[in-house]
Every structure is written in C-alpha cells, then in structure tokens.
Amino acid sequence: MKTRISELLATGSAGRGATITGWARSLRSSKEVAFIALHDGSNPSGIQVVAGRTLDNFEAVCRIGTGAALQIDGVLVESPATGQQWEFAANTITLIGKSDETYPLQKKRHSFEYLRTIAHLRPRTNTFGSVFRLRSKLAHAIHRFFADKQFLYVNTPIITASDCEGAGELFRVTTLDAAAPPTVQGQPDFSQDFFGQRTGLTVSGQLEGELFAQAFGNIYTFGPTFRAENSNTARHASEFWMIEPEMAFADLADDADLAEEFIKYLCRFALEECADDMLFFDRQIEHGLLERIQRVAAADFARIDYSEAIDRLQRSGTTFSYPVEWGLDLQTEHERYLSEQVVGGPAFILNYPKGIKAFYMRQNPDGKTVAAMDLLVPKVGEIIGGSQREERLDLLQARMLELGIATEPLAWYLDSRRWGSCPHAGFGLGFERLVMYLSGMENIRDVIPFPRTPRHCEF
RNA sequence: UCCCCAUUAGCUCAGUCGGUAGAGCAGGUGACUGUUAAUCACCUUGUCCGUGGUUCGAGUCCGCGAUGGGGAGCCA
C-alpha cells in the first residue's frame with residue numbers, strides 16, 4: 001500500500017513505516033550516506049530520503065539520475081539536520097524507471113520560456129507543481145462556491161452554430177474536404193457539412209446559460225472556451241476555461257455583488273486551503289503576494305461608473321497615449337491607472353456607452369449606456385466581464401436590427417424574452433486569469449497545462 | 001496584426017575596434033559520516049538561428065526570413 005508524501009507528513013509520527021513512490025529531484029551522495037529529494041506531486045517540498053551504506057544497492061542508488069522513478073520502503077524519522085522536520089529512512093529502494101544525463105530538467109533554475117518548450121516535463125518542477133495543484137483546487141472551490149449557493153451547474157455546448165455572439169472569432173468545425181469543398185455560387189456549401197450548417201467552437205456559453213437561468217434561477221457554466229483571435233499577449237490563449245454564472249431576477253448590482261463575493265471567496269480559499277503552495281509563490285514568484293491577496297479578501301471593491309471614470313481620467317493630469325473621451329473604450333493604460341492609481345485594488349467599471357458593448361446588454365434609461373460591468377484588477381487587468389441582459393423583447397429586437405444582427409439564427413434566444421421574460425444578469429471569469437492573479441504568475445501560458453496560442457498546438 | 005528587443009555549449013549568459021569563441025550552472029570521474037540547487041579537485045561540450053550581401057577576413061556590419069520575449073489592439 002503506497003502512501004502519498006503529503007499524507008505521510010500530515011499524519012505521520014516518528015517510526016511510522018510506509019511505502020512511497022515518486023521521482024528524484026536531486027541526489028547528494030557521500031561515502032556513507034546519500035540524500036534523495038523525492039517528489040510525488042502531492043506537496044511543494046517533497047521529502048528527503050536518506051539512504052545508508054547498509055542498503056544492498058547503495059552503489060547503484062548513488063548513480064540514480066535526476067528524474068528517476070523510485071519506490072521506497074522505509075520509516076519516517078525526525079530529521080537530525082536543519083532544513084526539514086521529517087525525513088524518510090530507506091530500507092529498500094527500487095528503481096522503477098531510470099533517467100540518464102539527457103533528462104532536460106537540470107538541478108537548477110530554468111527560465112519559463114525554456115520550460116514552455118518542454119511542457120510535457122515541466123509539471124515535474126517546483127513552480128509548475130504549485131501552479132497545477134492550485135489550479136486543481138481552485139476548480140473544486142468554484143464548484144463548491146456555487147453548489148453552496150444552490151446554483152445549477154450546466155454544461156453548455158462546445159460546438160455551436162451561433163457566430164454572432166460578438167465575443168470573438170470562431171474556430172471553424174467542419175468535416176468538409178478543405179482542399180475541395182462542395183460549393184454553391186463559388187462559396188463552400190455548408191448545407192452539405194456534418195451539421196448541415198456552418199459550425200464552430202464556442203466562444204461563450206452565455207446565451208445557452210441564459211436559457212437555463214430562466215428555468216433554474218441561478219446557474220453557472222465552467223468549461224473550455226475557444227477564440228480564434230490572433231492575440232499575442234501574456235493574457236490571451238486560444239483555448240481557455242471560463243466560468244459564467246447567470247442569475248434570473250437579478251440586476252447589475254446583484255451581478256457585481258456576486259462577482260465580488262466570488263473573488264473574495266477564492267482568495268480566502270487559496271490562502272487557507274493552498275497555504276503551502278501560496279507560500280511558495282510568495283517566496284519564489286511574487287514577493288508580497290500573500291499580503292496582496294489578504295488585502296483583496298478583506299477589501300470593499302470599488303464601483304465606478306464609466307462616466308465617472310472618464311471624468312477622473314480627464315482630471316488626473318496624466319498624459320495618456322490614447323484619447324480619453326466619453327464614448328470611447330477604455331484602453332489598458334486607462335484601466336491600469338484606474339485600478340492601480342485611483343483605487344489601488346479591484347474596481348468595477350459600470351454602465352458603459354452602448355456603442356462599445358454587445359447587443360444583448362440591457363439599455364439604461366438614459367438611452368446612452370448599457371448595464372455592463374468590467375472588473376479590473378492590478379497586474380492582470382480585466383478579469384471579469386459581465387452585464388445585465390436586455391430582457392425586453394422589443395428593445396432587444398430593435399438593437400439587433402440596429403447592429404445588423406440576423407434574428408432568425410437566434411430565434412430561440414429571442415423566445416426566452418417572449419414567454420416569462422425576467423430581468424437577469426451574469427458574468428464571465430477567465431479561469432487562467434484567476435490562477436494568474438492568485439499565484440503571481442505573469443504569463444497565461446504558464447498557468448494552463450498545454451497552452452494553445454497562435455502557431456502553437458504542441459503536446 | 002502593429003511597434004520594440006533578443007537568438008552564441010544541455011541551461012543562463014559574456015564576447016571590446018570586424019581578425020575562426022568564453023564563464024557560471026548542468027553533466028562525467030574521483031574525494032568526503034548529514035547533505036539541502038551540497039562541497040572540493042579534474043574533465044567533456046559549439047551548424048555563434050537560417051539565408052543572401054559588404055569585406056582580404058563576419059559571432060560582430062547591412063538586407064530578408066524564422067523563432068522567442070516585452071508592449072499595443074481584441075478580450076476572459
């Protein structure tokens with residue numbers, strides 16, 4: 001029976017016998033004794049294995065390469081040396097999988113850029129061990145948060161025929177022969193395609209989520225999302241995971257309240273339930289991370305109207321590269337100024353001009369703005385985008401007509417406004433951006449196991 | 001997609017005024033009774049990103065391309 005290292009350290013006492021398995025991170029040997037840093041992925045520190053000369057295969061153990069897979073029978077003992085409280089005194093060491101000097105992970109610090117080229121091996125490093133433990137636990141925490149609030153978890157489609165959601169470029173899904181598709185009037189004839197129409201990968205589960213919200217009240221989605229934009233930044237990926245709650249009988253204020261409660265919950269969760277990994281990030285990735293997250297968990301998030309934000313930017317006395325004018329979208333430099341200089345923490349920007357937002361957002365009584373919100377956080381930027389949805393059929397239809405959006409393909413969406421329509425609101429949270437924010441990691445490619453970005457689909 | 005920067009040993013980098021390359025780490029061998037990315041001694045390692053040009057001579061200068069990084073746009 002194998003024991004996980006984290007469990008052994010948490011529940012073990014001196015003299016407890018166990019069998020552990022894992023991979024050697026480093027080996028330090030001398031004439032009479034050898035030390036193996038053994039990791040099994042269950043904690044950041046691993047455990048120090050002590051191998052004495054009395055082992056039958058002591059000579060062989062001293063030649064084990066970095067990265068080798070081992071099974072070790074032994075007992076937990078208090079460490080006589082500083083550096084760790086416990087260590088594991090080996091009785092037998094079995095080499096399960098050898099590793100030679102060509103193993104790409106060396107006993108030294110590697111750059112994240114290099115590790116991206118060996119993404120199949122990087123989960124065996126300290127940083128990526130902590131990143132993916134945090135990511136996994138956060139995913140569970142997200143489900144727990146919504147389950148505790150009686151939100152229904154709904155799996156919205158990955159393949160969709162809606163290409164007018166306004167959220168981004170679709171990846172095409174087709175079984176047609178790319179070299180010689182059937183054509184009609186010179187264009188590919190998608191009526192002969194697998195689904196009998198043009199289809200793509202989802203850019204958002206929101207529209208379908210709204211339908212479920214109008215049956216179950218409160219719902220959320222949590223799944224992969226695809227955007228075919230040629231974005232080359234540290235914050236964008238072509239495939240990422242998004243959490244999208246949607247609440248019926250709720251307005252924009254309810255939406256922002258939920259978002260704030262959600263982010264704070266996840267901050268507290270990370271601090272409490274991922275303490276050892278968070279400590280690692282604080283020491284190795286971003287000094288002051290713990291304090292920053294603690295402050296967010298205790299903060300009241302600012303709520304600033306777009307119009308007020310424009311006013312404050314104009315009166316700031318700061319010179320920006322891009323113009324600040326009512327009706328124009330906020331640029332990254334403006335968002336950073338607001339969250340970092342004006343607020344010094346997370347800030348909601350509310351009620352944007354309707355001209356720069358999506359068709360489904362609810363039109364405000366002023367006739368100029370819509371009930372939209374973005375949550376801006378220092379470092380990562382926009383982490384949440386949401387809105388109250390336009391629930392009035394006539395206004396929604398008029399807006400679609402105004403923007404030239406065909407209504408027929410979205411007849412089902414409009415139907416939700418035809419019978420039993422009600423005010424409702426929701427938002428989208430980028431899961432990777434959340435992991436970045438909580439870990440201090442600065443590139444989205446380093447918080448997703450095998451990143452998909454323009455020109456990259458390895459592994 | 002646009003702007004800027006980079007690409008030299010397995011990794012991280014230095015390389016002066018244009019004269020055929022060097023350090024640290026990793027790795028190998030040996031030493032060491034307790035190490036913490038062990039330490040000490042010795043040793044190995046090069047398509048200087050590719051391509052075309054200038055030049056007696058190019059890692060170094062110029063053009064083009066590729067890849068990576070930072071910033072911007074798009075957005076989560």
Side-chain angles (χ1 to χ4, degrees), chain A residues 25-38 45-54 62-63 65-67 77 79-84 87 89 99-118 125-126 165-169 203-206 222 224-244 259 284 320-322 329-336 356-358 374-377 380-386 427-437 442-448 453-456:
Chain A
R25 285 283 176 83
S26 78
L27 172 75
R28 299 176 288 275
S29 65
S30 61
K31 199 173 184 179
E32 299 295 326
V33 66
F35 301 93
I36 301 166
L38 191 80
S45 60
I47 196 168
Q48 171 160 280
V49 174
V50 186
R53 175 164 280 289
T54 49
C62 288
R63 288 195 302 276
T66 301
V77 296
S79 179
T82 55
Q84 58 283 313
E87 61 189 26
S99 180
D100 64 17
E101 68 280 0
T102 61
Y103 183 56
L105 289 173
Q106 302 172 354
K107 278 197 302 193
K108 54 169 285 193
R109 179 177 272 282
H110 286 295
S111 68
F112 291 143
E113 290 84 1
Y114 171 66
L115 291 170
R116 271 173 224 149
T117 70
I118 51 169
T125 64
N126 288 334
E165 294 170 16
E169 289 294 309
V203 295
S204 167
Q206 179 199 317
F222 184 4
T225 308
F226 308 89
R227 305 262 169 103
E229 259 111 30
N230 189 13
S231 295
N232 294 285
T233 80
R235 292 169 220 88
H236 291 84
S238 310
E239 176 182 294
F240 62 100
W241 285 62
M242 188 154 65
I243 300 107
E244 296 180 284
Q284 301 293 330
F320 296 104
S321 311
Y322 288 85
D329 210 351
L330 297 175
Q331 302 296 315
T332 296
E333 58 174 345
H334 309 140
E335 296 182 341
R336 289 193 62 167
I356 57 174
K357 289 293 181 182
D374 285 349
L375 177 62
L376 310 179
V377 297
V380 177
E382 185 179 339
I383 197 169
I384 280 177
F427 62 80
L429 168 71
F431 187 41
E432 285 75 18
R433 291 186 181 178
L434 174 75
V435 177
M436 290 168 71
Y437 187 59
E442 292 187 334
N443 196 307
I444 197 168
R445 299 172 184 91
D446 297 328
V447 297
I448 189 165
T453 54
R455 300 185 306 283
H456 288 286

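In what follows, chains are A, B, ... by sequence order, proteins preceding strands, each numbered from 1.
No contact: A:T117 has no heavy atom under 4.0 Å from any strand. Nucleic acid contact class of A:T102 (heavy atoms, under 4.0 Å, all strands): none. At the heavy-atom level, A:T233 lies under 4.0 Å from base atoms of the strands shown. A:S29 comes within 4.0 angstrom of a base, heavy atoms only. Nucleic acid contact class of A:S30 (heavy atoms, under 4.0 Å, all strands): base. When heavy atoms are screened at a 4.0 angstrom cut-off, A:Q84 is found touching base atoms of the nucleic acid. A:I444 comes within 4.0 angstrom of a nucleotide base, judged by non-hydrogen atoms across all strands. Residue A:Y322 is in sugar-phosphate contact alone, with no base atom involved, counting any heavy-atom pair closer than 4.0 Å across all strands shown. As judged by a 4.0 angstrom heavy-atom cut-off over every strand, A:H236 is placed among the base-contacting residues. Within the 4.0 angstrom heavy-atom criterion, only backbone atoms of the sugar-phosphate kind lie near A:Y114; the bases stay farther away. Here A:A34 lies out of heavy-atom contact (under 4.0 Å) with every strand. Note on A:R25: nothing from the nucleic acid sits closer than 4.0 angstrom, heavy atoms only.
With distances taken from any side-chain atom of A:N232 to the nucleotides B:rG69, B:rU1, B:rC32, the minimum falls on B:rU1. The side chain of A:Q331 lies closest to B:rG73 when the candidates are B:rG69, B:rC74, B:rG73. Candidate nucleotides B:rA76, B:rU12, B:rG34 were compared by shortest atom distance to the side chain of A:K108, and B:rU12 ranks first.
Rounded to a whole Å, the CG atom of A:L105 is 16 Å from the P atom of B:rA37. Between the C1' atom of B:rA72 and the CG atom of A:N230 lies a distance of 13 Å, rounded to the nearest Å. The CZ atom of A:R53 sits 10 Å away from the P atom of B:rU33 (whole-angstrom rounding). We find that NZ of A:K357 is positioned 7 Å from P of B:rA76, with the value rounded to whole Å. Atom NE2 of A:H110 and atom C1' of B:rG24 are 14 Å apart (whole Å).
For RNA chain B, the stems formed by at least three consecutive Watson-Crick or G-U pairs, with both atom-pair distances below 3.5 Å, span B:1-7 with B:66-72, B:10-13 with B:22-25, B:27-31 with B:39-43, B:49-53 with B:61-65.
At a cut-off of 3.5 angstrom, counting only N and O atoms as typed in the model, there is no donor on one side facing an acceptor on the other between the side-chain of A:E101 and the base of B:rG28. Counting distance only, with no hydrogens placed and no angle test, the side-chain atoms of A:E87 and the base atoms of B:rG34 include a donor-acceptor pair under 3.5 Å. One N or O donor and one acceptor, one from the side chain of A:S231 and one from the base of B:rC74, sit under 3.5 Å apart. Side-chain N/O atoms of A:E113 and base N/O atoms of B:rU12 include no donor-acceptor pair closer than 3.5 Å. In the interface, the side chain of A:R235 is not paired with the base of B:rC74 through any donor and acceptor atom under 3.5 Å apart.
From A:F222, atom CZ reaches atom CG of A:L429 across 8.5 Å, with rounding to the nearest 0.5 Å.
Of the two residues near RNA chain B, A:L330 and A:E32, the one whose nearest nucleotide lies more 5' is A:E32. Each of A:N443 and A:I383 has a nearest nucleotide on RNA chain B; the 5'-most of these lies closest to A:N443.
Put simply, the side chain of A:E87 never gets that close to the backbone of A:Q48: no donor and acceptor are under 3.5 Å apart. A donor-acceptor pair under 3.5 Å links the side-chain atoms of A:E432 to the main chain of A:W241, judged by distance alone.
Residue ring and nucleobase are not stacked for A:F35 and B:rG34 under a centre distance beneath 5.5 angstrom and an angle between planes beneath 30°.
The side chain of A:R63 places no N or O atom within less than 4.0 Å of a non-bridging phosphate oxygen (OP1 or OP2) of B:rU29.
In this structure, A:F226 and A:V203 approach most closely via the heavy-atom pair O-CG1, 3.1 Å.
You'll find the ring centres of A:H334 and A:Y322 outside the 6.0 Å limit.
Counting heavy-atom neighbours within 6.0 Å of A:E442 CD, excluding the residue itself, gives a total of 12 or less.
Residues passing the side-chain contact (heavy atoms from CB on, under 4.5 Å) test with A:R116, sequence neighbours excluded: A:F112, A:E113, A:R122, A:N443, A:R445, A:D446.
For A:S26 and A:R28, the side-chain atoms include at least one donor-acceptor pair closer than 3.5 Å.
B:rC56 and B:rG73 have their C1' atoms separated by 50 Å, given to the nearest Å.
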